[in-house]
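Have a look at the structure below, then the notes.
These values consider heavy atoms only, across backbone and side chains, with no hydrogens, waters or symmetry-generated copies. In what follows, chains carry the letters A, B, and so on, assigned in the order in which the sequence lines appear, proteins first and then strands, with residues in each chain numbered from 1. On a predicted model such as this, the values are computed, not experimentally measured, just so you know.
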There are 2 protein chains.
Amino acid sequence: MAIDHLDGRLLVLLAEEPRIGVLEMSRRLGVARGTVQARLDRLQSNGVIRGFGPQVDPAALGYPVTAFATLQIRQGQGADVRAHLATVPEVLELHTTTGSGDMLCRLVARSNADLQRVIDRVVGFDGIVRASTAIVMENPVPLRIIPLVEQAATEH
Amino acid sequence: MAIDHLDGRLLVLLAEEPRIGVLEMSRRLGVARGTVQARLDRLQSNGVIRGFGPQVDPAALGYPVTAFATLQIRQGQGADVRAHLATVPEVLELHTTTGSGDMLCRLVARSNADLQRVIDRVVGFDGIVRASTAIVMENPVPLRIIPLVEQAATEH
DNA sequence: GAGCCTCTGAGCAGATTGTCCAGCTGATAC
DNA sequence: GTATCAGCTGGACAATCTGCTCAGAGGCTC
């Protein structure tokens, strides 16, 4: 679960140039190929690396509008609401948070007008008492992990 | 910018088994290798596929606590606050949203107690007027894109 | 019909992968 | 001090995949 400096460098390298192979990585890091392979296997079975799926940009797919909605859930309806939201493709992410029956979800839509349709679909469900939505204007820090990896690797 | 059915299948396949190569993909999809290569190149230059970076799990790195903080920013201090937050490794993501000088950021921490340290560091900056934090308890829908890809591919 | 784009199926040299192995090192246990 | 162990190194091998090229076929628009 703890990662050392070499793991950190490996992750950073992998994040910067994901297409390079094990052999090229071993050259860049100055270690043997077997070492890189062993480290990668360990990081994956550790769960540190969850996968290498493609990072798809919703905007390029035609969904340039992002919003966060805070939902207030009626007591005991949590499971139903979760199941409902999981069926909506525009719900990219859903969290339950502290507070009385609150959820936070990330939405995308084709336009501001389309966002209304998405929100109607999201909140058009019995267990949801109230929803408040914040539309994203800018994204100064896109989802990132490298700084955290570097910190975790430094502390080793 | 619009993706067709084959693009959709390609993305789904890539998301499910990211380590398979171009040749294996062409076999699974029943098309020629050159087609897969051309589609992949196009998706990448389109920006639909942003990259193939490793998906790192903060929890496995020792940061099991996630929280969302809504920040109220003093007028005109936005740029400074952005720069400040970008230097905090525990800030994984930052958005500016509708509303008067509001920002939303995703934080991680080593523990609930550690979250206090992170929040102090985040809000210990002049331009931030107020902050309210919601701690994530569950994550019923982890960040996903496949359902949206399938919808976009079906509409073609 | 001409022109254009995409897909197909094939070929080639070169590089990479998965998988072994023996030897070395540093740390830990006895 | 010495035995044991895990991790790293550097090397080898066959099998596979990649990047690149090509000619031909189909479908589309003008």
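The distance from atom CG of B:Leu40 to atom C1' of C:dT6 is 16 Å, rounded to the nearest whole Å. Here the P atom of nucleotide C:dC5 and the CG atom of B:Asp4 are 18 Å apart, to the nearest Å. Atom CD in A:Glu24 sits about 11 Å away from atom C1' in C:dA15, given to the nearest Å. As rounded to whole Å, 13 Å separates atom P of C:dC7 from atom CZ of B:Arg9. Whole-Å rounding puts the B:Leu23 CG to C:dA10 P distance at 13 Å. A straight line from CE of A:Met25 to P of C:dG18 spans 10 Å, rounded to a whole angstrom. Rounded to a whole Å, the CZ atom of B:Arg19 is 13 Å from the C1' atom of C:dG18. One interatomic measurement links the two molecules: CG of B:Leu6 to C1' of C:dC5, which rounds to 16 Å at whole-angstrom precision.
In this model, the phosphate group of C:dT17 is not approached by any side-chain N or O of A:Gln37 to a distance below 4.0 Å at OP1 or OP2.
Judged by the 6.0 Å distance and 45° axis criteria, A:Arg110 is positioned over the aromatic ring of A:Tyr63.
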Quiz item: Are A:Asp120 and A:Arg117 close enough, and set up right, to give a salt bridge (charged side-chain N to carboxylate O under 4.0 Å, His left out), and what steps lead you there?
Solution: CA-CA 5 Å; A:Asp120 286 346; A:Arg117 178 189 60 80; over 6 Å; no
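With B:His84 contributing its side chain and B:Val122 its backbone, the two residues share a donor-acceptor pair below 3.5 Å.
Residues A:Asp4 and A:Arg9 are not paired through a salt bridge, judged by the lack of any N-O separation under 4.0 Å between the basic side chain and the carboxylate.
For B:Arg39 against C:dT6, a side-chain-to-base donor-acceptor contact under 3.5 Å is absent.
Remark: B:Leu71 CG to B:Cys105 SG distance equals 4.5 Å, nearest 0.5 Å.
You can see that DNA chain D meets the heavy atoms of chain B within a 4.0 Å-exclusive cut from D:dC17 to D:dC20, reading 5' to 3'.
Remark: the A:Gln151 side chain and the B:Glu90 side chain contain an N/O donor-acceptor pair separated by less than 3.5 Å.
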